[in-house]
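Throughout, residue positions are numbered sequentially from 1 according to the sequence presented.
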Amino acid sequence: MTSSLMLRGMVGAIAALALAGPVHAESVKVGDLVISQPWTRATAGGAKVGGGYLTVENKGTTADKLVGGSTDAAAKLEVHQMSVSNGVMKMHPVEGGLTIEPGKTVKLAPGGYHLMLVDLKHPFKQGGKVPVTLEFEKAGKVDVTLDVQGIGAKAPSTQAGGAMTDHQHDGHMK
């Protein structure tokens, strides 16, 4: 094969990969739980908190709880919930952990349940990866990698949307 044909073939393969869209982390199975679509948003320089999002499916016959976790990217990783009270958006830790009932799927997403990474050690850059260890009451610890999407991403494959601002975060954000 001539070098010009090889070059055209490589260019075509690269173009096909680019058109395929973002690559998402593989699902992770631990016990009866399947964790999929782990992602986070890029953060501005100086940001002290970041959110983590994913889906947990319980294929077993007993409930389990996501009770927390850890990451080298932040001082703390907590399970949080967003709520609105008297027109004020608030986020707070989920006391006792987030239950994943048997046969059910729980989605951690912007605007609801999510992972809160507190006291970030560095900004998250779009296209990067953030390794975290999740801790479940029964299934134990599981390593997952969050894919870093754009600052205002609303889902793993979305690069558009608006970043949330002007909200209260019970002591973490003002």
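- Residues Y53 and F136 do not share a hydrophobic cluster, defined by chaining ILVMFWY side chains whose heavy atoms lie under 4.5 Å apart.
- In terms of heavy-atom proximity, P123 sits nearest to A44 at CB-O, 4.3 Å.
- When all heavy atoms are compared, the tightest approach of A153 to R41 is O-NE, 2.6 Å.
- In this structure, T133 contributes its side chain and G69 its backbone to no donor-acceptor pair below 3.5 Å.
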Apply the test side-chain contact (heavy atoms from CB on, under 4.5 Å) to residues K107 and T55: give CA-CA distance (whole Å), side-chain angles for both, the deciding distance (0.1 Å), then the verdict. CA-CA 4 Å; K107 187 169 187 160; T55 300; 3.8 Å; yes

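- The distance from atom CE of M91 to atom CE of M82, rounded to the nearest 0.5 Å, is 4.0 Å.
- V144 pairs in a side-chain contact (heavy atoms from CB on, under 4.5 Å) with only one of the listed residues (V30, L115, V132), which is V132.
- Here the NZ atom belonging to K48 is positioned 12.0 Å from the NZ atom belonging to K121, to the nearest 0.5 angstrom.
- V34 is not connected to Y113 by any chain of hydrophobic side-chain contacts under 4.5 Å among Ile, Leu, Val, Met, Phe, Trp and Tyr, and they are in different clusters.
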Can you list the steps and then say if Q37 with L54 is a side-chain contact (heavy atoms from CB on, under 4.5 Å)? CA-CA 5 Å; Q37 299 180 328; L54 48 85; 5.8 Å; no

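- Although no hydrogens or angles enter the test, the distance criterion places no donor-acceptor pair under 3.5 Å between the side chain of K104 and the main chain of N58.
- Counting heavy atoms from C-beta on, the side chains of L98 and L108 come closer than 4.5 Å.
- Atoms OG1 and CG, from T105 and L33 in turn, are 10.5 Å apart once rounded to the nearest 0.5 Å.
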Using side-chain contact (heavy atoms from CB on, under 4.5 Å), reason through L66 and V106 one step at a time and then give a plain yes or no. CA-CA 10 Å; L66 175 58; V106 175; over 6 Å; no

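- Within the 4.5 Å cutoff, side-chain heavy atoms of D147 are placed close to those of K129.
- V79 and V49 sit in two unconnected hydrophobic clusters of ILVMFWY residues. Membership requires side-chain heavy atoms under 4.5 Å apart, directly or through other members.
- Looking at H114, its side chain does come within 3.5 Å of a backbone N or O of G112 through a donor-acceptor pair.
- A donor-acceptor contact shorter than 3.5 Å is absent between the side chain of S36 and the backbone of S27.
- What you find for D32 and T61 is that their closest heavy atoms are OD2-N, 4.4 Å.
- A side-chain donor-acceptor contact under 3.5 Å links K29 to the backbone of G31.
- The nearest pair of heavy atoms linking V94 to H80 is CG2-C, 3.6 Å.
- Hydrophobic cluster membership is shared by V148 and L134, with clusters built from Ile, Leu, Val, Met, Phe, Trp and Tyr side chains linked at under 4.5 angstrom.
- L77 and L120 fall within a single hydrophobic cluster, where Ile, Leu, Val, Met, Phe, Trp and Tyr are joined by side-chain heavy atoms under 4.5 Å apart, directly or via other members.
- To the nearest 0.5 Å, atom CD1 of residue I151 and atom CD of residue Q126 are 8.0 Å apart.
- Nearest heavy-atom pair across W39 and Q149 is CE3-CG, 3.6 Å.
- The minimum heavy-atom distance linking F124 with T43 is given by the pair N-OG1, 2.8 Å.
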